Amino acid sequence: MSGAGILGDGTIDFGVVPTAILRSESGGSKLGVVVIFFELLLALAAVAIIAFSLYVVYRLVTEES
């Protein structure tokens, strides 16, 4: 089994991933579900950050001090 390394084109080779990690017993892809889950979390975090930023700007603009 080869270790991780940098290939000639600059990409990173992480070696061989055991297929038991990638496949569930039913044949579906566990990795795909995990990737989708974290992409959704990333999108929700981005929406929360944007909403909070807009709220802060709104409060700064409408401040009556």
Side-chain angles (χ1 to χ4, degrees):
M1 180 165 120
S2 65
I6 299 176
L7 301 176
D9 60 354
T11 58
I12 299 174
D13 176 23
F14 291 105
V16 177
V17 178
T19 56
I21 293 173
L22 298 177
R23 300 281 175 199
S24 66
E25 289 131 14
S26 64
S29 176
K30 286 183 184 179
L31 185 62
V33 173
V34 172
V35 168
I36 296 293
F37 174 73
F38 280 105
E39 285 177 351
L40 288 174
L41 282 181
L42 180 64
L44 288 174
V47 168
I49 290 169
I50 291 169
F52 182 72
S53 300
L54 291 173
Y55 171 73
V56 168
V57 170
Y58 169 76
R59 290 297 299 248
L60 288 172
V61 169
T62 60
E63 185 177 340
E64 296 185 20
S65 302

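For the single chain, residues carry numbers from 1 onward in sequence order. Atoms considered below: every heavy atom in the structure, side chains included; atoms not considered: hydrogens, waters and symmetry mates. Not measured: the values here are computed from a predicted model.
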Item to check | Positive for side-chain contact (heavy atoms from CB on, under 4.5 Å) with L60, one of V56, T62, V57 | outcome: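 That would be V56.
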
Contacts under 3.5 angstrom, residues 36-51 side chains, donor-acceptor by atom type, not counting sequence neighbours:
none

Checklist entry - Residues in side chain to side chain donor-acceptor pair (under 3.5 Å) with Y58, at least two apart? => result none

